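No experiment lies behind these values; they were computed from the predicted model shown.
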Amino acid sequence: MVTAVAQRLASQRKEIDDTLATFTLSTTQLQEVKAKMRVELERGLKKDTHPTASVKMLPTYVYRTPDGTERGKYLALDLGGTNFRVLVVKIRTGMRNSVRMYNKIYAIPLEIMQGTGEELFDHIVQCISDFLDYMGMKNTRLPLGFTFSFPCNQTDLVSWTKGFKATDCEGYDVVDMLREAIKRRNEFDLDIVAIVNDTVGTMMTCAYEDPKCQIGLIAGTGSNVCYMEEMKNIELVEGDEGQMCVNTEWGGFGENDNIEDIRTRYDREVDGGSLNPGKQRFEKMTSGMYLGEIVRQILIDLTKRGLLFRGRITERLKTKGIFETKFLSQIERYSSHLWHKLRSILQSLGLDSTCDDSIIVKEVCGAVSRRAAQLCGAGMAAIVDKIRENRGLDHLEITVGVDGTLYKLHPHFSTILKDTVRELAPNCKVDFILSEDGSGKGAALITAVIDKYLYAMRFSDETLRDIMARFRREMENGLGGDTNPTATVKMLPTFVRSIPDGSEKGDFIALDLGGSNFRILRVKVSHEKKQTVQMESQIYETPEDIIHGSGSRLFDHVAECLGDFMEKQKIKDKKLPVGFTFSFPCAHSKLDEAVLLTWTKRFKASGVEGMDVVKLLNKAIKKRGDYDADIMAVVNDTVGTMMTCGFDDQRCEVGIIIGTGTNACYMEELRHIDMVEGDEGRMCINTEWGAFGDDGTLEDIRTEFDREIDRGSLNPGKQLFEKMVSGMYMGELVRLILVKMAKEGLLFEGRITPELLTKGKFETKHVSAIEKSKEGLTKAKEILTRLGVEPSEDDCIAVQHVCAIVSFRSANLIAATLGAILTRLKDNKNSPRLRTTVGIDGSLYKMHPQYSRRLHKTVRRLVPESDVRFLLSESGSGKGAAMVTAWASRLADQTRQIHSTSIS
Ligand code: G6P
Ligand code: G6P
Ligand code: BGC
Ligand code: BGC
């Protein structure tokens, strides 16, 4: 009898041991996990494997950890862990350990976590409102850092994890959703500056104390890691220099079935009953939200098999979520001989246990949490070894900033984790420091460190497509007879009806006014065997007092320069046909009549707007009386560029300028142009896209700096798109951002020099120099030193970052407007694919080291159904103007002939 009982007990024991053995991982198994994790880290970083990688390695755009010089007052939200918290964080001037925080915890009821997105964000904003009241801060518009502990692609929520499942949020911009909820409440305003993952917030919080901290680990409700990766390894982000923090989202590890060998049936059961089956498999084996669930599944199974709770499954045990991390931690805190304490914990959970039961429950908890800590350790070993190899070191010393209830409350988790890392990464000395203040402080630090003003300048493809659609509508408005009078994008007919056909010839003069240079050219097109073009040109000054003086003085100056040029060319006695590239918006009723609608860019001569510039120039020439000229055509520089490029490539049907100003022209079907009679054939339309947004259509994407630029310009309220993208304004935009950042102590240790405050001191050519991939940082140092600010290494990196964001925004916006033109051309041709050439010119496009590549890439992404050739106009628009003139003078000759024959 005794032996029978003993045998039964022994066999029961064996069953229990066998069950728990499935949770025991050998060193070899852990090494395999480490190796597989390493593979996934690499796959997540590489462009071609990223889409299918289970570990997403999301770029965070956090380029550096804090250095103790941060300062300011920030609001922070902290959502996604056990508690939702609203905080205000005050960082005092330039000293470490000088952060003060006030916070309040708010509940998020389950029905809100899993309700609609709108309800969730309304609730968040209601909590902020309460907090601001509580702090008496409703009227101070503070910058806000948002710790949002879910996977985000920049600011777009990739997917909910853990206990959240609010509808209509996945794939949407978190900043937008928060901003809209703030708008709905209509009670206060906030500048949402940064969205930060909790791992990143934790790393930043800890790095503030320990500069060696370059990894952030969360072992809490969820599980995740971030670390500082070399830029050159992050293929999803442009640029090779320096580092960027990558949010690994390692919780997704295993989603491609590569750790099935170590998953147990209990893991599968937990997964199946979760809000996101199949997803976050590693997280479900390692984090607080699921460990209790695994334990519960095992207990149910053991009970069913009669090994526990006398075979009785109670309602309590059937309740999902009864084992919270804190109970798991409590159960494991007591050694088995304190079984009565264990029992009372189980009792508080509503589980009535015998002494044996409580010991078994404790063993189950131990097996599950031990495996969790070991798995995290194996993952961490993969990361530290990668960092060590990145830096080419035999030995690495590094600090991990850690947070999370599992790590903090569990009695053994941290020890097992550390032991595992030591065993699996013997060449790394890894210190773990606990984040005392949660990630809210880190979010505030990030808000302070970088990107404070730059978030609004980054656009998702979705936004760009939206801008593309808006511009498409603007084009339609400009073309329509009814809508044209009030349209902002003027879509001006140019009376140029085709690109050069190769038959042009003659001797021409071209004037080229409106870009960075005023140039006069002589263009000889001859036609021996093949068409050849000879050009000579001279640049003339256009002093500021002339371009801002009276119109008659300006045209006298032009006429004088032309006289000088003809004198030098010894053609003063000839009456050569003149083509006039005049790079401003003009209304034409024929080629040689051009009424200036409005000055743009640097020009503001009085008495010219509303006048025909051909008449004004003729008058000035006549007044001199020393030579004669026949102005046959006025062309916009975009048109000149299209014609110049069309000379080499017959397919060219678009011309764009990205220089001092910006604009585009293209060949439109005459039947769509209500302003011009006739339906056959095509005519070039000068879009004057610089005015896009003048009616408020771009207000949502304009920043305070754009507004400041506009206010200080010669034409406030006008050319708003141009002011966001073109060369005349880009350096100034960067300067304004730098001033603001310096004022807040984010740059140059708060030093602001008179040079930095001087308009125009930071030029677009400086942006180009700083963005050069090799010598960019050295250039930044030179340029900033000249401004007297004594930049640190980090300042140079930050300034490079600012330049990149501003110039990238420009390329992206141009890609959107050009994309609209291309899709229109494609629709006009009624073909599934567009094959075309875009002629392009302008100093920004030509000089900036990255601009053209970024533009081309974005255009291809936005208009995938096109094959676009971008052709740089090597010889400016003068040649193109000559082509138009050739055509005009041929037409004039023909008319004259017809006229003379009809008279005789
Ligand atoms: C930090 C952060 C939270 C984060 C949490 C993880 O303290 O401030 O936002 O999510 O750690 O821990 P938990 O265990 O609460 O998920
Ligand atoms: C071409 C034209 C200019 C034009 C310029 C734009 O070269 O000949 O008339 O305005 O490009 O570039 P920029 O950078 O000088 O404004
Ligand atoms: C989320 C991570 C987060 C982690 C820890 C995971 O579920 O996907 O973004 O860092 O939980 O809170
Ligand atoms: C003008 C356009 C011109 C563009 C590029 C803009 O300011 O309005 O006519 O094509 O600059 O030079």
Exercise. Name all residues meeting the salt bridge (Lys or Arg N to Asp or Glu O under 4.0 Å) criterion together with Arg751; count only those two or more places apart in sequence or in a different chain, and write none if there are none.
Key: Glu749
Quiz item: Parallel under 30°, tilted from 30 to 60°, perpendicular over 60°: which one fits the rings of His856 and Phe870?
Solution: parallel
Quiz item: For Glu688 and Val489, what are the C-alpha separation, side-chain angles and deciding distance, and is it a side chain to side chain contact (heavy atoms under 4.5 Å, CB included)?
Solution: CA-CA 6 Å; Glu688 285 297 333; Val489 175; 5.7 Å; no
Quiz prompt | Side-chain heavy atoms of Leu777 within contact of Gln800, under 4.5 Å | solution = yes
Quiz item: Around Lys572, counting heavy atoms of other residues, nucleotides and ligands shown, do more than 12 lie under 6.0 Å from its NZ?
Solution: yes
Quiz item: What residues form a salt bridge (Lys or Arg N to Asp or Glu O under 4.0 Å) with Asp612, not counting sequence neighbours?
Solution: none
Exercise. Could you give me the CA-CA distance, side-chain angles and deciding distance for Glu755 and Lys761, then say whether salt bridge (Lys or Arg N to Asp or Glu O under 4.0 Å) is met?
Key: CA-CA 7 Å; Glu755 289 91 335; Lys761 273 284 173 188; over 6 Å; no
Quiz item: Which residue pairs satisfy the salt bridge (charged side-chain N to carboxylate O under 4.0 Å, His left out) criterion with at least one member in residues 806-815, sequence neighbours excluded?
Solution: Asp706-Arg809
Practice problem: Would you sort out whether Val496 and Trp887 count as a side chain to side chain contact (heavy atoms under 4.5 Å, CB included), showing the intermediate values? | Solution: CA-CA 9 Å; Val496 170; Trp887 181 77; over 6 Å; no
Quiz prompt | With sequence neighbours excluded, residues passing ring-ring contact (aromatic ring centres under 6.0 Å, His included) with Tyr729 | solution = none
Quiz prompt | Closest contact, heavy atoms only, Ser877 versus Thr644 | solution = CA-OG1, 3.9 Å
Practice problem: Please report the C-alpha distance between Glu704 and Arg707 in whole Å, then the side-chain angles of each, then the deciding distance to 0.1 Å, and finally whether the salt bridge (Lys or Arg N to Asp or Glu O under 4.0 Å) criterion is met. | Solution: CA-CA 5 Å; Glu704 57 174 293; Arg707 296 196 170 92; over 6 Å; no
Quiz prompt | Donor-acceptor pair between Ser726 and Glu722 side chains, under 3.5 angstrom | solution = no
Quiz item: Does some side-chain heavy atom of Asn663 sit less than 4.5 Å from a side-chain heavy atom of Ile656?
Solution: no
Self-check item: Least distance between heavy atoms, Gly693 atom then Leu720 atom
Solution: O-CD1, 3.4 Å
Self-check item: Asn484-Asn477 side chain donor-acceptor pair, cut-off 3.5 Å
Solution: no
Self-check item: Audit row: Asp649, Thr837, side chain to side chain donor-acceptor pair (under 3.5 Å) steps and yes/no
Solution: CA-CA 8 Å; Asp649 180 343; Thr837 297; 2.7 Å; yes
Practice problem: Would you indicate whether Lys615, at its atom NZ, is surrounded by more than 12 heavy atoms from other residues, nucleotides or ligands within a distance under 6.0 Å? | Solution: no
Practice problem: Would you please test Leu813 and Phe692 for side chain to side chain contact (heavy atoms under 4.5 Å, CB included) and show each step? | Solution: CA-CA 11 Å; Leu813 286 173; Phe692 182 29; over 6 Å; no
Quiz prompt | Smallest separation among heavy atoms of His548 and Leu714, with atom names | solution = NE2-CD1, 3.5 Å
Exercise. Indicate yes or no: at least one non-hydrogen side-chain atom of Leu733 is less than 4.5 angstrom from one of Glu708.
Key: no
Practice problem: Grab the two heavy atoms, one from Phe508 and one from Lys505, that are nearest each other, plus how far apart they are. | Solution: CZ-O, 3.4 Å
Quiz prompt | Reported CE-to-NZ distance for the pair Met643 and Lys879, which is rounded to 0.5 angstrom | solution = 12.0 Å
Practice problem: State, yes or no, whether a side-chain contact exists between Asp695 and Glu474 at a heavy-atom distance under 4.5 Å. | Solution: yes
Quiz item: What orientation do Phe471 and Trp689 show, parallel under 30°, tilted 30 to 60°, or perpendicular over 60°?
Solution: perpendicular
Quiz item: Do the non-hydrogen side-chain atoms of Glu593 and His588 ever get within less than 4.5 Å of each other?
Solution: no
Exercise. Any pair with a residue in residues 628-639 that passes salt bridge (charged side-chain N to carboxylate O under 4.0 Å, His left out), sequence neighbours left out, goes on the list, sorted by first then second residue, please.
Key: none
Quiz item: CD/Gln650 to OG/Ser498 distance, rounded to the nearest 0.5 angstrom?
Solution: 9.0 Å
Exercise. Could you tell me the separation between the CG atom of Asp700 and the CZ atom of Arg470, rounded to the nearest 0.5 Å?
Key: 4.0 Å
Quiz item: For Arg519, which residues count as a salt bridge (Lys or Arg N to Asp or Glu O under 4.0 Å) partner, sequence neighbours excluded?
Solution: none
Quiz item: Can a donor-acceptor pair be found between the side chains of Asn812 and Thr858 at a distance below 3.5 Å?
Solution: yes
Practice problem: Please assess Ser807 against Glu771 for the test side chain to side chain contact (heavy atoms under 4.5 Å, CB included), listing each intermediate value before the final yes or no. | Solution: CA-CA 9 Å; Ser807 63; Glu771 284 195 64; 2.5 Å; yes
Quiz item: Does the salt bridge (Lys or Arg N to Asp or Glu O under 4.0 Å) test come out yes or no for Lys723 and Glu732, once each step is laid out?
Solution: CA-CA 10 Å; Lys723 287 171 188 163; Glu732 194 53 15; over 6 Å; no
Practice problem: Show your reasoning for whether side chain to side chain donor-acceptor pair (under 3.5 Å) applies to Ser810 and Tyr851. | Solution: CA-CA 9 Å; Ser810 164; Tyr851 199 98; 2.6 Å; yes
Quiz item: Within a reach of under 6.0 Å around CE of Met675, are more than 12 heavy atoms found that belong to other residues, nucleotides or ligands?
Solution: yes
Quiz item: Is it true that a side-chain atom of Thr542 and a backbone atom of Phe518 form a donor plus acceptor pair closer than 3.5 Å?
Solution: no
Self-check item: Approximate separation, where rounding is to 0.5 Å, of Asp626 CG and Glu567 CD
Solution: 8.0 Å
Quiz item: Taking all atoms of both residues into account, what is the closest heavy-atom pair of Ile621 and Ala629, and its distance?
Solution: CD1-CB, 4.0 Å
Quiz item: Looking only at atom types and distance, does a side-chain atom of Thr581 sit under 3.5 Å from a main-chain N or O of Asp512, one as donor and one as acceptor?
Solution: no
Self-check item: Arg497, Met642, Met683 screened by side-chain contact (heavy atoms from CB on, under 4.5 Å) with Met667, the one that passes
Solution: Met642
Practice problem: For the residue pair Val868 and Leu822, establish whether any side-chain heavy-atom pair is separated by less than 4.5 Å. | Solution: yes
Quiz item: Between Trp599 and Phe582, what is the ring plane arrangement, given parallel below 30°, perpendicular above 60°, and tilted in between?
Solution: perpendicular
Practice problem: Determine, for Phe584 and Lys601, whether the Lys NZ or Arg CZ falls below 6.0 Å from the six-membered ring centre while staying within 45 degrees of the axis. | Solution: yes
Quiz item: Would you say the side chains of Ser526 and Thr532 form a donor-acceptor pair under 3.5 Å?
Solution: yes
Exercise. Report the C-alpha distance between Glu653 and Arg682 in whole Å, list the side-chain angles of each, state the deciding distance to 0.1 Å, and finish with yes or no for salt bridge (Lys or Arg N to Asp or Glu O under 4.0 Å).
Key: CA-CA 10 Å; Glu653 50 188 346; Arg682 304 206 290 173; 2.9 Å; yes
Practice problem: Report yes if the side chains of Lys779 and His766 come closer than 4.5 Å at any heavy-atom pair, otherwise no. | Solution: no
Quiz item: How long is the gap from NZ on Lys857 to CD on Gln850, to the nearest 0.5 Å?
Solution: 9.5 Å
Quiz item: To the nearest 0.5 Å, what is the distance between OH (Tyr540) and NE2 (His557)?
Solution: 9.5 Å
Quiz prompt | Which atom of Pro585 lies closest to which atom of Thr600, heavy atoms considered | solution = CD-CG2, 3.9 Å
